[in-house]
Visitor: 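Starting off with a structure, shown below.
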Protein chains: 2
Amino acid sequence: MDSALQPPPPKTRRRRKDARPAEIIDAGLAEFAEHGFAGTKLEDVARRAGIVKGTIYRYFDSKDALFEAALKARLTPLIDEVEQLVATFPGSSTELLRLAMRLAYGRMFQPDAQALMRIIISEGRRFPAITELYHRETVAKGRRMIAAIVARGVARGEFRAGAAADLPIVVMAPAIMAAVWKMTFEPFDPLDLEKFAAAHADLALDGILTRGVTAL
Amino acid sequence: MDSALQPPPPKTRRRRKDARPAEIIDAGLAEFAEHGFAGTKLEDVARRAGIVKGTIYRYFDSKDALFEAALKARLTPLIDEVEQLVATFPGSSTELLRLAMRLAYGRMFQPDAQALMRIIISEGRRFPAITELYHRETVAKGRRMIAAIVARGVARGEFRAGAAADLPIVVMAPAIMAAVWKMTFEPFDPLDLEKFAAAHADLALDGILTRGVTAL
DNA sequence: TCCACTAATGACTTAAAAGTCATTATAAAG
DNA sequence: CTTTATAATGACTTTTAAGTCATTAGTGGA
C-alpha cells in the first residue's frame, strides 16, 4: 500500500545533479520536523531521498548547512501585495477580515507550512538567524496585514477601537493555537478545523464590530 | 555576576540522597527545554546539578527514564475543584471568565509551566504516553473549565450562544498563542503580557457577551 | 573515635551517528 | 564506440555521548 504509490526505487545508480538538492531538502525537512535537529540521522534523510548518506555531502557541507538550506528553501514569504490588497479592497472590513482569515487558515495548515512551524518552535532558539528570518518574512508580515485590516475597519467606523484594536495580533491568535494544537494533541483530541475557524470568526468579529448599543 | 548568586559549588563531595533526585530533575527539565531530548547531554545536566554524570545513573536508569520522571514530577494537574468554583461562584459570568483568564495567565507563564509546554510541543510526538498524560491533566481540564464557564454564561443569558460557545477553547486560544510566541519570538519581537491579556479579554468578552442590539 | 555502608566519583567501554574518501559507474561529448 | 568528467557509492575514520563499574570518601550508628 505504501510501495504501490512510489515507483519502486531504481536498483541502478542514477546521476541527477539538479534534482538531488531539492529531494534532499524535502527529505530533510520531513525528518527534521519529525525528529528535531539533533534527533535526525542523515542516514535516514538519505534513505528517504533514495540515496546514500555520502551523497548528501556532495551537496551540503554539514548537517547544519542542510538544516539551514532546507528551512530557507521552503520558507515562503508572505507576499507584500497583501498590503496592496488591503488598501484597494472594495468590500466591507468584515469581508476583508474573513478573507484574511481564510487565507491564513488555507496557508498555515499546508503540510510544508506545518513542518516549518513545528521546526521553528522546536529548534528556533538554537538557530536565531533562521528564526529571525522566519519572523521577518512570515510572522511580521502577517502581523502587519492584520494591523492594516483592523486599522481600516476602525477608520471606517466598522470596528470599534479598544484594547484588541491596539494589539491586533490577538485577532489572529486562535489560528496559531489551532496549528500548535494539531501538531501536538491531534491524536488524543482532534480539532475540527472547519468548526474551529467558524468559532474563531464568530468570536473575533463580534468582539471587534461596532454596534449600536453595548450591553453592561 | 553569575557566581555571586549561587553559593560557589562546594569542592568537597557531599552525600545528599534525598535532595539529589529533585535537583537532577530540575537540571534535566531546564536542559530538555533548552535543547530538546536528543540534544540534551547528560553531562550538561550533571554539571548543572553540581554533580557528575555517573551520579545520575544512581537515581535514574537511563536518559529516557530521567526525561519521563522529570516531566511527571513537574506536571501540576489542574485541580478539579476549579469546576466546583464554577458551580458555586456568586458573581457574574464575565467576572468568572476574567478570573479564569487571570488564573490561566498567572499559571501558564511560570518558568516551569513554560518549560513543560515547550517540551511537550517539541517532543510530544515521540513520547505519546507523556503527551496523553499532559493532555489529560492540564489541557482537557482547562478545556472543561472554560466550557463550564461559557455554559453557565449562556444558561444565565449573559453570553450569547453561537459558534464560539460551541467550541469554547477558542476563547482561551490567545493565551496559548502568547505562550508559544514568548518561547519563540520573544527576542525579536517581545510581547507585553499585560497588554496582551487585556486585549484578549477585550476581544473575547465583547465577542461572547449578549447585547440588546446587534449591528449588521 | 572508628566502622560499615553506600553516595559519589571519574576513568572506562560501547554505541551510534557525523563526516571522509578512494573507488565505481553513468551520461554526455567527441 | 570510446573517452572523460564527475555523481554516486559504501566502507572507512572520527567524534560524541550514553552507559558501566571499580574505587573513593562522606556519614550515621556502634
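Here is the naming used below: chain letters follow the sequence lines, and residue numbers restart at 1 for every chain. Model, not experiment: these values are computed from the prediction.
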Visitor: Test: salt bridge (Lys or Arg N to Asp or Glu O under 4.0 Å). Region: residues 144-153 of chain A. Which pairs qualify, not counting sequence neighbours?
Guide: Glu83(A)-Arg144(A)
Visitor: Generate the contact string for nucleotides 23-30 of chain D. Rules: B means base contact, S means sugar-phosphate contact only, - means no protein heavy atom under 4.0 Å.
Guide: -BSBS---
Visitor: For the pair His200(A) (side chain) and Ala173(A) (backbone), establish whether a donor and an acceptor sit closer than 3.5 Å, ignoring hydrogens and angles.
Guide: no
Visitor: Work out how much the helix from dT1(C)-dA30(D) to dG30(C)-dC1(D) bends between its end axes, five pairs an end, to the nearest 10 degrees.
Guide: 10°
Visitor: Taking side chain as C-beta onward, heavy atoms only, is Leu42(A) less than 4.5 Å from Tyr57(A)?
Guide: yes
Visitor: Under 4.0 Å from any atom of DNA chain D, heavy atoms only: list the residues of residues 30-49 of chain B that qualify, in numerical order.
Guide: Thr40(B), Lys41(B), Leu42(B)
Visitor: Which pairs with one or both residues in residues 31-40 of chain B pass salt bridge (Lys or Arg N to Asp or Glu O under 4.0 Å), sequence neighbours excluded?
Guide: Glu31(B)-Arg48(B), Glu34(B)-Arg48(B)
Visitor: Do the side chains of Lys53(A) and Arg47(A) get nearer than 4.5 Å, heavy atoms only?
Guide: no
Visitor: Could you check if a side-chain atom of Thr131(B) sits within less than 4.5 angstrom of a side-chain atom of Arg125(B), using non-hydrogen atoms only?
Guide: no
Visitor: Can you tell me if Arg20(B) touches the phosphate of dA8(C), counting only side-chain N or O atoms and a distance under 4.0 Å to OP1 or OP2?
Guide: yes
Visitor: Just grab all the salt bridge (Lys or Arg N to Asp or Glu O under 4.0 Å) pairs involving residues 21-30 of chain A, residues at least two apart or on different chains.
Guide: Arg16(A)-Glu23(A), Arg20(A)-Glu23(A), Asp26(A)-Arg74(A)
Visitor: Using the test side-chain hydrogen bond (donor to acceptor under 3.5 Å, both in side chains), find all partners of Glu186(A) that sit at least two apart in sequence or belong to another chain.
Guide: Lys182(A)
Visitor: Using the test ring-ring contact (aromatic ring centres under 6.0 Å, His included), find all partners of Phe127(A) that sit at least two apart in sequence or belong to another chain.
Guide: Phe37(A), Phe67(A)
Visitor: If a protein heavy atom is under 4.0 Å from the base, mark B; if only from the sugar-phosphate, S; if neither, -; do that for nucleotides 10-15 of chain C going 5' to 3'.
Guide: B-----
Visitor: What residues, two or more places apart in sequence or in another chain, satisfy ring-ring contact (aromatic ring centres under 6.0 Å, His included) together with Tyr59(B)?
Guide: none
Visitor: Let's see if you get this right: which residues in residues 57-68 of chain B place a heavy atom under 4.0 Å from DNA chain D?
Guide: Tyr57(B), Ser62(B), Lys63(B)
Visitor: Shortest non-hydrogen contact from Phe109(B) to Leu193(B)?
Guide: CG-CD1, 3.6 Å
Visitor: Under the side-chain hydrogen bond (donor to acceptor under 3.5 Å, both in side chains) test, which residues partner Asp189(A), sequence neighbours left out?
Guide: His135(B), Arg143(B)
